[in-house]
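Everything below concerns the one structure shown next.
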There are 2 protein chains.
Amino acid sequence: MSKAIIDDVAARAGVSIKTVSRVVNREPNVRQPTRERVEAAIAELNYRPRLSARGLAGNRSFMLGLIYGKPGAHYVLDIQEGVLEMCRPHGYELVIHPGEFRDGDLANEISDLILDRRIDGVLLSPPISDHMEAIALLKDAGIPLVRIAPTIDKAAHPFVETNDLDASFDLAEVLIGLGHRRIGFITGHPDHRAVGLRFEGYRKALRANGIPFQGELVVVGDNRFHAGEEGARQLLQLASPPTAIFAANDEMAGGVIKTALVHGLRIPEQLSVVGFDDAPISRQVWPSISTIQQPIRDMAKTATSILLEQLRSGEAEQHPSMHPARLVLRESIAPPPSGKA
Amino acid sequence: MSKAIIDDVAARAGVSIKTVSRVVNREPNVRQPTRERVEAAIAELNYRPRLSARGLAGNRSFMLGLIYGKPGAHYVLDIQEGVLEMCRPHGYELVIHPGEFRDGDLANEISDLILDRRIDGVLLSPPISDHMEAIALLKDAGIPLVRIAPTIDKAAHPFVETNDLDASFDLAEVLIGLGHRRIGFITGHPDHRAVGLRFEGYRKALRANGIPFQGELVVVGDNRFHAGEEGARQLLQLASPPTAIFAANDEMAGGVIKTALVHGLRIPEQLSVVGFDDAPISRQVWPSISTIQQPIRDMAKTATSILLEQLRSGEAEQHPSMHPARLVLRESIAPPPSGKA
DNA sequence: GTGAAAGCGCTAACAG
DNA sequence: CTGTTAGCGCTTTCAC
């Protein structure tokens, strides 16, 4: 078994190998009864087309590439699983490639990936989805690509996205609705642009509620836990410290909580904290963090299906697809201390 | 460029394509000057052998499979990166396959993987590395495999491992050395056998120090944060609660810490907590958790190189390789409350 | 040591 | 709608 090749199937079904090929590739121009006969033969023989033979003859590799940065382990795994779920059933294999945004070698690594593996198409996940150099490279090589949650030059290629800005706006409004006026913000890593939109949402919410923006309440972070710790330290040292802190992701929000606890602050009574991502850490600290859940896995699936469609049709259809995020309110928020409100 | 094929190289070097093939495959029987000439031509033309052509002719796929469970996101990513780091330079691609230990379909999925992709070799990471059904399947199919941190039937196949038991013994002895006598233990998921060894280390340490084993101090967990919360709740409700809790992994240790905080206990003054894995969470909770760091990435690299060696030589060499773990002592431990010691 | 010929299993043009 | 004929680019025999 499993040694069956296309000739065996053709013989058993009483057709030519070309017809078998047509059935396997879902091409039209095969009469229904013929198709069924071939399919039966395939099933009986447990025939699986040899990928390398198909690749050699058709000049395709049946491999998709996923190039990703490291915005957090769970984010990466979610993306991977979403992509796998979509590409396996379609006969595509996935080649994963971790890449550093600032790594000068990324360009070389990508060339190697394309040249060596002859990837059929590429998925770019944040923050690499904003790495225009990489994108240009792929474009020049004529490799179809789909970007996940890009923030710049969005017209250039198909993409999927979520509404970071609006969700962030909503979350900030929740804090404002509770009575907070001095809300600190810890930004994400500057390279990670999608996270930058979260800052925009915060500012927009301030504006919408007539709260003046205060530069001293903003600290630049880098998406990591430690940046949250440091940022909180800075913010809490202000002459007039914030009554709430909005961290651009949950890792940093976790850092804020740790610092607050170390300083002996009670959360949420003395300080409200919110994050973004609905990462495991948001449920694991105490009190648990109010945050925003994104349909990461779904975005990855959609991105993959867009890429597969593009590979089939040959043309890049621009149907940007929006996967809305939603608020997850938990224990970490409360009205500001009465004296401050 | 990049369109160069073997004939181009042969022409430029003034040899036959067979000789080029020999050089590319590092075969013997090529005179040094000839080899150099060919290598020069390859470099000048930026020639890359087409994988599908090699695969078709040589009946290999140049793909390795990695089948893994979900013992934690960071664990998985570390393994992936270790494997990638090793196989890319050797011209192998990696096919990742997340699998559930209890999933009845795992067998089918693996068959598909083998049949469809014609994987050359497979790496099994915990807890799948103890999934004997999967292993039997691969063996029957004649697919070389290497297991990462297996605990049962270790003679059957090559493997890499770490000293879970000894490290766990050492950590338990640290607690005992501080004066603890009632030490709670929260076990890992029963399917995840490697984690089971950690329990053995704990028992061995008790024995070595003449402390009687008490069943009531042991709670069965499942490696997840929530199990740590629950387990701690149970242990702290005992008539005579433990003065220290050893969780079989850091996720659960994090849960223990959260429960302790919720109960108003101060750590480590009133309760010492230790975990295992040196996962990010061990640094992110407060106080940070004493734990054990394992060279996961290195294990993955070694496993991969063993597999590659096996593919080259054709025979499975049994040189089980041990990667020692090491203690990481942090804030979460102290002598027991004086009344209890 | 090196080369010539013969496929590997499939798809791409064409014919019919 | 179906079949025939050539390759795809490489590795294998097996000569030399």
Side-chain angles (χ1 to χ4, degrees), chain A residues 1-39 41-42 45-63 91-92 115-118 120 311-312 314, chain B residues 1-39 41-42 45-63 91-92 115-118 120 311-312 314:
Chain A
M1 60 169 275
S2 124
K3 296 229 49 153
I5 67 174
I6 198 169
D7 306 75
D8 303 333
V9 178
R12 198 182 226 292
V15 298
S16 77
I17 60 167
K18 178 62 215 181
T19 300
V20 177
S21 172
R22 284 200 179 89
V23 172
V24 167
N25 292 296
R26 294 182 158 55
E27 285 172 28
N29 295 346
V30 180
R31 251 189 309 185
Q32 193 53 28
T34 315
R35 184 180 299 270
E36 277 161 16
R37 221 154 9 102
V38 173
E39 275 164 355
I42 289 176
L45 265 37
N46 195 288
Y47 164 70
R48 314 291 186 112
R50 222 66 86 239
L51 238 52
S52 32
R54 298 226 277 175
L56 181 55
N59 195 32
R60 331 191 279 147
S61 65
F62 295 94
M63 290 200 262
Y92 278 83
L115 293 174
D116 283 352
R117 317 301 169 190
R118 295 215 155 46
D120 290 336
L311 290 177
R312 193 169 356 164
Chain B
M1 60 171 276
S2 122
K3 295 229 52 152
I5 68 174
I6 198 170
D7 306 77
D8 303 334
V9 178
R12 198 180 225 296
V15 298
S16 76
I17 62 168
K18 176 62 215 180
T19 299
V20 177
S21 173
R22 283 201 179 89
V23 172
V24 168
N25 292 296
R26 295 183 156 54
E27 285 171 27
N29 293 347
V30 180
R31 250 187 311 184
Q32 192 52 27
T34 316
R35 184 178 299 270
E36 276 162 15
R37 215 147 20 94
V38 172
E39 275 163 354
I42 289 176
L45 265 36
N46 195 285
Y47 164 70
R48 314 291 187 109
R50 221 65 87 240
L51 238 50
S52 33
R54 297 227 277 177
L56 180 55
N59 196 32
R60 329 190 280 146
S61 66
F62 296 94
M63 290 199 263
Y92 278 82
L115 292 175
D116 283 353
R117 318 298 167 192
R118 294 216 157 44
D120 290 336
L311 290 176
R312 193 169 355 165

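First the proteins, then the strands, lettered A, B, ... as listed; each starts at 1. Hydrogens, waters and symmetry mates play no part in the numbers below; they use all other heavy atoms, side chains included.
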**OP:** Starting at the 5' end of nucleotides 8-16 of chain D, put B wherever the base has a protein heavy atom under 4.0 Å, S where only the sugar-phosphate does, and a dash everywhere else.
**Re:** BBBBB----

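Counting only distance, with no hydrogens or angles, the side chain of B:R37 and the backbone of B:A13 share a donor-acceptor pair below 3.5 Å. In this structure, B:D120 contributes its side chain and B:R60 its backbone to no donor-acceptor pair below 3.5 Å. Put simply, the side chain of B:D8 gets close to the backbone of B:I5: a donor and an acceptor are under 3.5 Å apart.
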**OP:** Any chance you could lay out the side-chain contact (heavy atoms from CB on, under 4.5 Å) test for B:S61 and A:L51, step after step, and finish with the verdict?
**Re:** CA-CA 9 Å; B:S61 66; A:L51 238 52; over 6 Å; no

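With rounding to the nearest 0.5 Å, the separation of CG in B:L56 from CZ in A:R50 is 9.0 Å.
Annotation for B:N59: atom CG does not count as buried by contact number, only 12 or fewer foreign heavy atoms lying within 6.0 Å.
Extent of DNA chain C lying under 4.0 Å from chain A heavy atoms, first and last nucleotide in 5' to 3' order, is C:dG9 to C:dA13.
What you find for B:V24 and B:P49 is that their closest heavy atoms are CG1-CG, 4.1 Å.
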